[in-house]
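Everything on this sheet refers to the single structure shown next.
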Amino acid sequence: MLPAEAFRRTASEHPLPPAAVPATPSLLLASRKSGGKGLSIIHGARMGVAEECASSNAGSGHEISSRRPAGSSSTGGGWREPEGVGRGATAMRGGLVAGETGPCALRPPPHAAQGRHLRCPSPACSGAQGTSSGAFVLRCRLLFALAFESTGGCGACVVLIAKYNAKTDEVTEFTASSCLTLLYSINLCSVITTEGLGNTKDGFHAVQKRMSGFHASQCGFCTPGMCMSIFTSLINADKSKRPEPPKGFSKLKVSEAEKAFSGNMCRCTGYRPIVDACKSFASDVDLEDLGLNIFWKRSDKNPDVSELPSYTLGGGVCTFPDFLKSEIKSSLDHLNDSYISASREGWYHPRSIKEYYELINSCLFRDSVKVVVGHTSSGVPGYKDQDLYNKYIDISGIPELSNIVKKESGFEIGAATTISRTIEILEQECESISSPNGSVVFRKLADHMSKVANPFVRNTASIGGNIILAQKYPFPSDIATILLGAGATVCLQVVTERRQITLEEFLKQPPLDPTTLLLSIFIPHWISDYQGETSLLFETYRAAPRPLGNAVSYVNCAFLGLSSVDEQSDTLVLSNLRLAFGAYGTEHAIRAKKVEKFLTGKSLSALVVLGAVRLLRETIVPMEGTSHPEYRVSAAVGFLFSFLSPLAKGIPEPGKALTSGWSNSADTDDVRNLPLSSRRETISNDDYKPVGEPIKKYAVELQASGEAVYVDDIPAPKNCLYGEFIYSTQPLACVKSIKFKSSLASAKIIDVITAKDIPCGGENIGSAFMFGDEPLFGDPIAEYAGQALGIVIAETQRYADMAAKQVIIEYDTKDLSPPILTVDQAVENSSYFSVPPKYFPKEVGDFSRGMAEADHKIPAAEVKFASEYYFYMETQTALAIPDEDNTLVVYSSSQYPEFAQRVIARCLGIPFSNVRVITRRVGGGFGGKAFRSFQVATAAALCAYKLRRPVRMYLNRNTDMVMIGGRHPVKAHYSVGFKSDGKITALHLDLLINAGISEDTSPIMPLNIISSVKKYNWGALSFDIKLCKTNNTSKSVMRAPGDTQGSLIADAIIGHVASVLSVDANSVREKNFHTYDTLQLFYPESAGEASTYTLHSIFDRLVSTSSYLDRAESIKQFNSSNKWRKRGISCVPLIFRAEQKPAPGRVSVLDDGSIVVEVGGIEIGQGLWTKVQQMTAFALGQLWPNGGEDLLERVRVLQADTLNLIQGGLTAGSTGSESSCAATLQACNMLIGRLKPVLDRLQQQSENVSWDTLISQASKENVNLSASAYWVPGQDSYQYLNYGAGISEVEIDLLTGAITILRGDLVYDCGKSMNPAVDLGQIEGSFIQGIGFFIYEEYVTNSDGLMISNSTWDYKIPSVDIIPKQFNAEVLNTGYHKDRVLSSKASGEPALIAASSVHCALREAIRAARKEFADSTGSGSSPLEFQMDVPAPMTLVKELCGFDIVEKYLESLPAYERSAGA
């Protein structure tokens, strides 16, 4: 064990890296950019999570990173100005090719246009290709991981991999998650990234152009992966035997387009425009159904495909170059060389089972070794690498492991066969005329497997690896369960012996070691005996947070059996039953043999089904520590009931057809499979052209092509080091020592930076705001789990991340009080932060008098809110570079560079002017890159300052989730009085807000929460608010902070009142809407003029356009006709208080007429740069009658730089864009004042004066062509109110709790929108993010407060398959607002509040379910009144509907029905 001090050195003791480092097999494919001299390697890929899949045998091996090589130390000196990154790349734009120098050297291939292809040659093919003179060689040691997730669950790093089969002369293309793909495993493959599709130099591809034109990219970080998933879907569809599509279209179908990127996550857009972009390629699309775009106007009645960017059938891109095909053909003999040829690199590729056993028995493998096929298990929490490996065995090349053998009795599938290929085989067999009897089983197996993980993980994960994981660990495999139900067997090789055993026997064996090799899986045909009049039954089920996969199951099942008719009783009898259950909290999938035995031979009746259900409850027993144990058992019961009830006599029709009975619904089918549709209405504003027009986002094509530069895309400067935090796992504990295990990873540690390394005169500060500071390190006491204790420094990010896992921390809690982790504990200990009077809300009216006037009272009720993680696609990252004279340049992904500069300078004890913080764009923020980004930037700066070498820190997803915090948890207790007609007379709130360990921005929360609560007229409003200090990560601002919680509190109270009065909630809402007079009373500082109060008209418009009343009545009919599915609908208003902030701006015109703009606002995806561009063109265009639309393309917006433009301020609160535009307008007006006299003189000489002529003359006259402004909003108008409303309709499955959002309708007042396309995208994206908070995203901590739902495996943001099936959004143009910037209003946050309508609709559906099963929801209280907290995932929905409703239902049937046939 090594103490941290063992690694401590002075700056002078740090050796510089050698010119060459021996190659290591632990390499990741880099796929964005590398090289400081314009070298572009692979663009467009990023990272993700393998939800279900695993590689074969021992699991995984080396990784292909997707974003960029993390250790580009050979690319030259430090890099200061990133403006030109990606320009002038000549070596390998869009791709990379392994060359002849070294084991995995990279160079541009001869004759390969733009170098889009990648090879990793073994010595057998080394030197087989020529090299052009002077070709740049990049050694593969530069490709160490920068895997900020490395789990395959987000899709941002998706690339296309093409393989060539020289024997059949066929090319196969598939997507892969580059953060999981092994570099050596793609030897002789072609890799295409999004820049390989198209780029600035060669022109953009149709996919990229349509993504841009449909406004389908906001922050842009996920866009490259989206483009690659869509492109691959197109070319694979075009290979099919379908009829030739019309010109300009693909063979892709609309239904496939909606699933083309099902594994790709996006936090910004809400997915709708991405779906439209993809559907535009589908041969069966109705172009009129597509949303807002730049290709035609909404008013165009007959849009034509010719108006879209041209698409060539087949994709129009060569996916596998001829030169590489030729080389593969010429190298076939070499490829059969012995595996030992690669031994010097630690990568072994046996070609036979014999070679494999020779390897594992050799002396070479006495130390760290890993057996791999697809490597996707490395993305599974609990099975990730805990140390580095120096030897890998890739068994994918063993022929026996990839064989597909079709037999009369079934299929034998090699264990190394990918899951996607297995699905393809099963689907082909379903279509085969020769196997009609086996098609039922095979079809349902294929359908179920298509919901495992996501497409790009299934493409590389092996079916054998998945089963191996299920055998060795308590891995919740769907595949093991369904194959167990289908009666599969496995073939094993144990040294020299080959064994054939059942899958059930295999799963029960002790965990396998590398001496046992899984060779194949056999899936039998199951045939109905028609002569014996038996029918084959086979069904599979899964309960998971997402319907299309990319989520592990809570429980999965597969049921197989034969049914026959008992002629005496006229009932069905089951035989040959196989009832398999898995993922419920078991070591491995099992067969419920007692239930099988009980059901076999019995005539199926309600009584028999009830007996089987009761017996199943005794069988399905989750292990201790399993989350949601009661839910898992109840869902398993529901699945068995679903399987048996249609077959049983004595169960009424609603039980047989779980979704029958309503002729006007699509309920006979799974509503989750309904096609997506939308109506997106905007009104363009012609008053200030080009402001008000829905132009495409600034630089959006660069985002689609992967050329847009984020902090991690900046090439690593020479001698760059990498850091990873060491954090506490205990709250409130003294740190006695920090040590490291002796391991390969710990040997890579260069230094460990702690609080002791803070310079003399510096402070232990990691974050700060006006309310207080937060330390960078817990020293000597760790105050909360997740607090930084130190930073591990290594040569690569992967080394640093892995080394941090080796830490052993010794704690001591002696003489320390118990930690305070909950708000209730904070109350007991009086642990509070104070709230300055300025930020404490004001009460309204007399609560006591209001309660006295009430006819009814709810004396006490409660609603609780959990936290929410930001889940920006780009995790926290910073690059710090020491500069001359004791200065630093820090590139930070930050919403507040100005304050980052201050914190860094204070930590180092140097002047602010010695710290330069640069932020170009941010890959998603949502508040998390505001104050929480300071810690990472400061940590990187401290390390760089001490070591005098550049230091990059790029938090992996797990660390980011554990350390950064999120939205404030809130506990709200309310008392309310109201009249019989629904008019509320008084409300009192007791709020407990969990602020965490420091103030951060928490003191603003009370004001924000109450501001949102005040959207209704409560008569009198009083409250008691406590801001609780706890031993948790600091909570900070997150999109619509406080307003989000406050709005739902208000609507939960409205719903409660409506429930008590048994009236429609909307009638209570409208009864308590503000008049303008009461609006002024509740919002005295921001109500504005009466003409701006548009909520009544918005609400009425939404109710009318959405047919709310008709739908509400239809839902009542639906619910009365369907026992096991219920629907609910809800309409909520929103009032959002916006607050403008001061902002700087500088506009400069260069001699050629081009325009450069600098603003303090940060581009985080909200379209700030786009609006600034439009504002600049409008403002300068005022010199001409026809405006300045021609100036748009001349405007360039520069990155934020704290030493170039000071007082940049915070980009947050949805007003950053309008403040930056106001500053830009002010600066432009200054320029106009200087240019107008010049123009007047020129116009005296010539009537038509061009912009170029004007600028040329002004320059000659020495006119100052640069103007700076600092815009400050007026004291009387800097606050204003935004209005909108949303309606949501949901359906729930009572047996599983599954939620389907059928429809969402939004109407939002944007004033006069500066860009309706941008604002609409913000509104839709915000609404979908709100759905995540209210419904899906479970922020789970352990008993010490440490976040344990810390990966995409556990934490589920909305995906494309959970957004509303019909989504209608309308941006209103409400006319002139004199105090707003060109009459515009904020759009980024308010619509998130409207997503509370989904939560309220869900409550209505659950209320209908509880009314149906009134005796099953608990005793004592009314079933229609219940507490429903946030979030409300399917597990909570099921709990509120009743875990025992199946049994209660069966028990409620008349005795003669239950006993019928018994």
Side-chain angles (χ1 to χ4, degrees), residues 50-54 380 419 422-423 426 441 443-454 457-458 461 463 466-471 473-488 503-504 506-507 521 523 537-561 577-593 595-596 616-617 619-623 626-644 670 672 1293 1295-1298 1353-1354 1356 1361 1433-1435 1438:
E51 294 297 354
E52 165 73 24
C53 306
V380 181
I419 297 173
T422 302
I423 294 170
L426 293 171
V441 174
R443 183 179 67 250
K444 293 189 174 180
L445 286 176
D447 182 66
H448 193 115
M449 287 184 188
S450 69
K451 297 179 176 64
V452 168
N454 52 51
V457 171
R458 293 194 296 268
I463 187 170
N466 186 285
I467 294 172
I468 286 288
L469 266 187
Q471 196 273 341
Y473 309 103
F475 174 67
S477 167
D478 276 66
I479 291 176
T481 302
I482 61 177
L483 292 182
L484 179 62
L503 178 58
E504 184 178 8
F506 176 69
L507 294 174
I521 300 97
I523 308 174
L537 304 172
F538 184 69
E539 295 288 348
T540 70
Y541 304 87
R542 72 192 306 262
R546 293 176 179 148
L548 288 184
N550 210 16
V552 69
S553 299
Y554 291 114
V555 61
N556 47 49
C557 315
F559 306 144
L560 183 145
L577 280 172
R578 301 181 63 88
L579 307 178
F581 296 85
Y584 60 83
T586 176
E587 290 187 357
H588 53 74
I590 65 161
R591 285 177 58 186
K593 292 190 174 181
V595 183
E596 293 173 2
L616 182 63
R617 281 193 176 272
T619 304
I620 303 298
V621 181
M623 296 183 293
T626 301
S627 63
H628 310 297
E630 290 179 292
Y631 170 80
R632 295 172 192 262
V633 175
S634 182
V637 165
F639 289 143
L640 184 63
F641 176 72
S642 299
F643 180 67
L644 295 176
D670 190 339
R672 292 176 295 181
D1293 182 337
L1295 295 176
T1296 64
W1353 179 272
D1354 307 292
K1356 300 300 178 187
D1361 49 346
M1434 62 191 299
T1435 51
K1438 176 60 178 168

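D478 has its side chain out of reach of N466: every pair of non-hydrogen atoms, C-beta onward, lies at least 4.5 Å apart. Side chains of Y584 and V633 form no contact here, defined as non-hydrogen atoms less than 4.5 Å apart. Y554 has its side chain out of reach of T626: every pair of non-hydrogen atoms, C-beta onward, lies at least 4.5 Å apart. Contact check for I479 versus M449: side-chain heavy atoms found under the 4.5 Å cut-off. A heavy-atom distance below 4.5 Å is found between the side chains of I423 and R458.
Within the structure, the salt bridge (Lys or Arg N to Asp or Glu O under 4.0 Å) test picks out no pair touching residues 629-642 (sequence neighbours left out).
Every residue meeting the side-chain hydrogen bond (donor to acceptor under 3.5 Å, both in side chains) condition with S634, not counting sequence neighbours, appears here in chain and number order: K1438. For T540, the side-chain hydrogen bond (donor to acceptor under 3.5 Å, both in side chains) partners two or more places apart in sequence, or in a different chain, are H448.
A distance-only check finds a donor-acceptor pair linking the side chain of Y631 to the backbone of T1296 [under 3.5 Å]. A distance-only check finds a donor-acceptor pair linking the side chain of K444 to the backbone of F538 [under 3.5 Å].
Exactly one residue among T481, L484, I523 makes a side-chain contact (heavy atoms from CB on, under 4.5 Å) with L503. That residue is L484.
Aromatic ring pairs are classed by plane angle as parallel below 30°, tilted from 30° to 60° and perpendicular above 60°; the pair Y541 and F639 is parallel.
A salt bridge does not link E596 with R578: none of the charged nitrogens is closer than 4.0 Å to a carboxylate oxygen. Taking the charged nitrogens against the carboxylate oxygens, R546 and D1361 have no contact shorter than 4.0 Å, which rules out a salt bridge.
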